[in-house]
Every structure is written in C-alpha cells, then in structure tokens.
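Here is the structure we will look at, set down as structure tokens.
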Number of protein chains: 2
Amino acid sequence: MARTLDPARHAARRRHIQDSAAALFAEHGYDRTTTAQICRAAGISPGNLYHYFASKKQVFVAVLTDDDAETADLLEHLLRSDRPLEALTEFVDHLAAPAAAHPAVPKLVLEALLQAHRDPEIAVVLEEADAAERDGMAALVRRAVDAGEARADLDPADTAAWLSTLVGAVYLDGALQEDGDTSVRLGQLRHTVRAYLTA
Amino acid sequence: MARTLDPARHAARRRHIQDSAAALFAEHGYDRTTTAQICRAAGISPGNLYHYFASKKQVFVAVLTDDDAETADLLEHLLRSDRPLEALTEFVDHLAAPAAAHPAVPKLVLEALLQAHRDPEIAVVLEEADAAERDGMAALVRRAVDAGEARADLDPADTAAWLSTLVGAVYLDGALQEDGDTSVRLGQLRHTVRAYLTA
DNA sequence: GTCTATACGGAGATAGAC
DNA sequence: GTCTATCTCCGTATAGAC
C-alpha cells in the first residue's frame, strides 16, 4: 500500500469502492463478480483497486465487517431491561430488520454464509459476529425464563440457536423474493417467536 | 451426443457422474467446482463428461431435478387425509427431513437457491418445484382452517409462504452447522409450526 | 466411447509510465 | 495516485487419435 497524502480522502475513496462492490457481490455473488466490474462501478481504472485493498477477498471482508459494533451496543442496553421478553423480541427484530430494509442485504448475507464454509478467513469474520449474537440471545432467554415470562423448559443455548435460525429464515426469504414485501415476514417472525417462547 | 449402444449402461454412468458432481457442488459450490474435479471424482478423463452432459450447468440441473416426483405423490395422498392439521405437519416434516439426512443436502439446496437468481434456467427449475409445494401447503392450510383445526385468521397463501420459509430455515441451519445435530431442529420446527397455526 | 492434448477466453494481479 | 498495458494462470469445452 502506497503512502497516502490525504488519509481522509483515501478512506472515503476506499469506502466508495467498498459500497460499489457490495452491490455487485449481492447481485452476482462473490465468485462471479470480477475486479474489473468493481473498478468500473466505482469509476476507477482496472487495477487501481489494489491501491486500496490487497485482494478481491479483502474487499469482501470489508463489506461484511461493516456494521459489527452497533449490534453490540444495543445488546448491552437490552440486557439491562427489566422486561426481558420484550427485550428479546426487540433484539430479534433488530437482527431481522436489515433483511427487509433493502433487497440487496439478504442476498449479500446469504452469499457470505455460503462463502464462509469454503474460506476460513470469511468463516472467522462471520463466526465472531454470530457468537456475540447467540450469546446475547441466550442471556436474554435465560432472563426471560427466570422472570417467568417464557416457558421454563427452554434451554437458553438451544433456544438462542433456534431464534437465530428463525432470523436467518427471514434473510433466506428476502433473498428469494424478487419483489420486496419482506416486511410481512417481520410480523410473522414476531408472532412466531412469541408463540414459541410462551406456548 | 454420440449414439449409445447400451442405453442402460449410458444412463448408469450418467447417474454416477451426477452423484459425484452433487457432492462436489455441495462442498465447494457451483462456481468453484471445476469440470476437471467432477471428472476426477467420477473416475473418467477430463472432457469425457461432455459425452454425457452438454455443459457443466446441465450437470447441475440434473442434480437439482433429481427427486421432483415423489413429493407430488405424498402431497396428493395428504390432501385426502381427514385430519388436515396432522397432514400439514407431516408434509412440513417431509420437506424438512432431507436437510437432516445428510450434511451435504442443505448446502446443495442453498447453493442452488443462490444460483437461481443469477441464472434463469436454474430459477425455472426451482420455481416449478417450489410452486407445487406452496400450492399444496396452501390447500392443506385451507383445509385445516375449514376443519377448525387452525386459526381462522390465517391467509392460506401467506401462511404457506411462511411455512415454506420456516422449512428453509432448517436447511439454512443445516448448511451452517458443521456438525450434524440438525435433527433437534426438526422437533423445534414441528413445535414452532403447531404453535403458529393454533396459538 | 474413452482417451490425451490443446484451443480459447477470461480473471486476478502486477509493471511501469505519467 | 492513477492510468494503460500486460503477464500468468486456470477453467470450459473441443479436436482428433485410438
């Protein structure tokens, strides 16, 4: 990486490339997205990308690690709630919401999941985020059970895994629907989660 | 395609290549599986594959359309059941079961789903199977509602779509878990479906 | 029908002028 | 820092001997 005279400009340009690449990865998948396409979409010459990223894969990693921190903040806040069941529902909502926000998001996420079990580096990136989410959910489940707001026979870890899977289902749905009425799924998810935790 | 002297042998060999390819597609994905790998796995020389399939993509299509008919048979049978809710549960079970049968199955299915919205030919193949499943489920939901075994406020089509998504969740889970305790998910799915339909 | 050898194109990454 | 040009490898598919 060459010395950069204006770090802010460098970062902005890097971010611009990253965003351009994200859309392409979502649309065509990682393997079928070429560096030439990324450069064209970002409005730079082919090859210039390598002044900002060491490889095509690093571009993908940058896209995936984009918003890791904010979920942790919310979780920390919700763990202090005195209404654990509601907090859990809100957390699930928060995790599922991006799937409905933009059609490209669920496609990108699924693409990442599939790449993960072929590429260890990507697997590590995703597992870190996933482990944090599941641990947080398990803690929220435990609190809900202890407060008598959820079934007593729920195993926190198993339940967290299942809730995580249900959230994944919404992403899956979003990736498959060409039109974008995925917001319906959010309501169904909420109802499903409530019913499973209490029925 | 050259004339074949022994059609039965030809079909068997074609099937052998198809099975070898399925395992590779599941493990490495479609794009990263090379025709050379398929030939090596099938024990034939590179290039000989093209005596059995017109292209790499046709191999993939053959893998995906492998077991289309049997689900239709079961569905037809279940639509005549006089216990609609149980029939619906059994159909969902049937759809989800393969995900737990072998670790490669869910990976292969997800791979297909992602390829589908990049390749129209694959999209058509999957949509045909999917439409049949959803229509069947919607009919089963309607019968369950009419029989008073399920909530009256359920919209058959929306509910079928959601159940289909929940089944997808099990595949998603199976594709992500490296170890194979996916059978737990089948029980959770059953409980989830019951609770959603009746609670 | 099956093999070996290879044509052909495309993709990631680099070289070096400006 | 950005460009153009290109190197190099690899994958699909084909040609043609046996």
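Chain letters run A, B, ... following the sequence lines, proteins first and then strands; every chain starts at 1. In this text the structure is predicted, and so the values were computed from the model without any measurement.
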Quiz item: Between the axis at one end of the helix from C/dG1-D/dC18 to C/dC18-D/dG1 and the axis at the other (five pairs apiece), what's the angle to 10 degrees?
Solution: 10°
Quiz item: Would A/T34 and A/L24 count as a side-chain contact (heavy atoms from CB on, under 4.5 Å) if you check the C-alpha gap in whole Å, the side-chain angles of each, and the deciding distance to 0.1 Å?
Solution: CA-CA 9 Å; A/T34 71; A/L24 290 170; over 6 Å; no
Self-check item: B/H77 atom NE2, over 12 foreign heavy atoms within 6.0 Å
Solution: no
Quiz item: Could you give the NE2-to-P distance, from A/H10 to D/dT2, as a whole number of Å?
Solution: 9 Å
Quiz prompt | Length of the OH-P vector between B/Y52 and C/dG1, whole Å | solution = 7 Å
Quiz item: Once you round it to whole Å, what is the distance between C1' of D/dA13 and CD of B/Q37?
Solution: 16 Å
Exercise. Identify whether NZ of Lys or CZ of Arg in B/R151 sits under 6.0 Å from the centre of the six-membered ring of B/Y196 and within 45° of that ring's axis.
Key: yes
Self-check item: Atom pair distance, as rounded to whole Å: CG in B/D6 and P in C/dG1
Solution: 8 Å
Exercise. Check every strand shown and say whether B/L49 touches a base, only sugar-phosphate, or nothing at a heavy-atom separation below 4.0 Å.
Key: nothing
Quiz item: Does A/K56 make a cation-pi contact with A/F25 (under 6.0 Å, within 45 degrees of the axis)?
Solution: no
Quiz item: Minimum heavy-atom separation for A/E149 to A/E86, with atom names?
Solution: OE1-N, 4.4 Å
Self-check item: Nearest-angstrom distance from the residue atom CZ of A/R40 to P of D/dC3
Solution: 14 Å
Quiz item: Nearest-Å distance, CG (B/N48) to P (D/dG16)?
Solution: 18 Å
Exercise. May I ask you to verify if any side-chain N or O of A/R13 is less than 4.0 angstrom from the OP1 or OP2 atom of D/dT2?
Key: yes
Exercise. To the nearest 0.5 Å, tell me how far B/E90 CD sits from B/R190 CZ.
Key: 10.5 Å
Tabulated below should be each protein N or O lying under 3.5 Å from an N or O of nucleotides 5-8 of chain C; please produce it.
none

Quiz item: Can we say A/E121 and A/K57 salt-bridge, meaning some charged N sits less than 4.0 Å from an Asp/Glu carboxylate O?
Solution: yes
Practice problem: Could you check how far CD1 of A/I17 sits from C1' of D/dG1, rounded to whole Å? | Solution: 11 Å
Close N/O contacts between protein and nucleotides 9-12 of chain D (under 3.5 Å):
unit_1: D/dT12; atom_1: OP1; unit_2: B/T33; atom_2: O; d: 3.3
unit_1: D/dT12; atom_1: OP1; unit_2: B/T35; atom_2: N; d: 3.4
unit_1: D/dT12; atom_1: OP1; unit_2: B/K56; atom_2: NZ; d: 2.9
unit_1: D/dT12; atom_1: OP2; unit_2: B/T35; atom_2: N; d: 2.6
unit_1: D/dT12; atom_1: OP2; unit_2: B/T35; atom_2: OG1; d: 3.0

Quiz item: Does B/R15 count as lying over the ring of B/Y52, i.e. NZ or CZ under 6.0 Å from the six-ring centre, within 45 degrees of the axis?
Solution: no
Quiz item: Can you find a side chain N or O atom of A/H51 that sits less than 4.0 Å from OP1 or OP2 on D/dT2?
Solution: no
Self-check item: Residue pair B/F91, B/L163: steps toward the side-chain contact (heavy atoms from CB on, under 4.5 Å) verdict
Solution: CA-CA 10 Å; B/F91 190 56; B/L163 294 180; over 6 Å; no
Quiz item: Do NZ/NE/NH1/NH2 and the carboxylate oxygens of A/E111 and B/R118 come within less than 4.0 Å?
Solution: yes
Quiz prompt | Salt bridge present between A/R142 and A/D146 (N-O < 4.0 angstrom) | solution = no
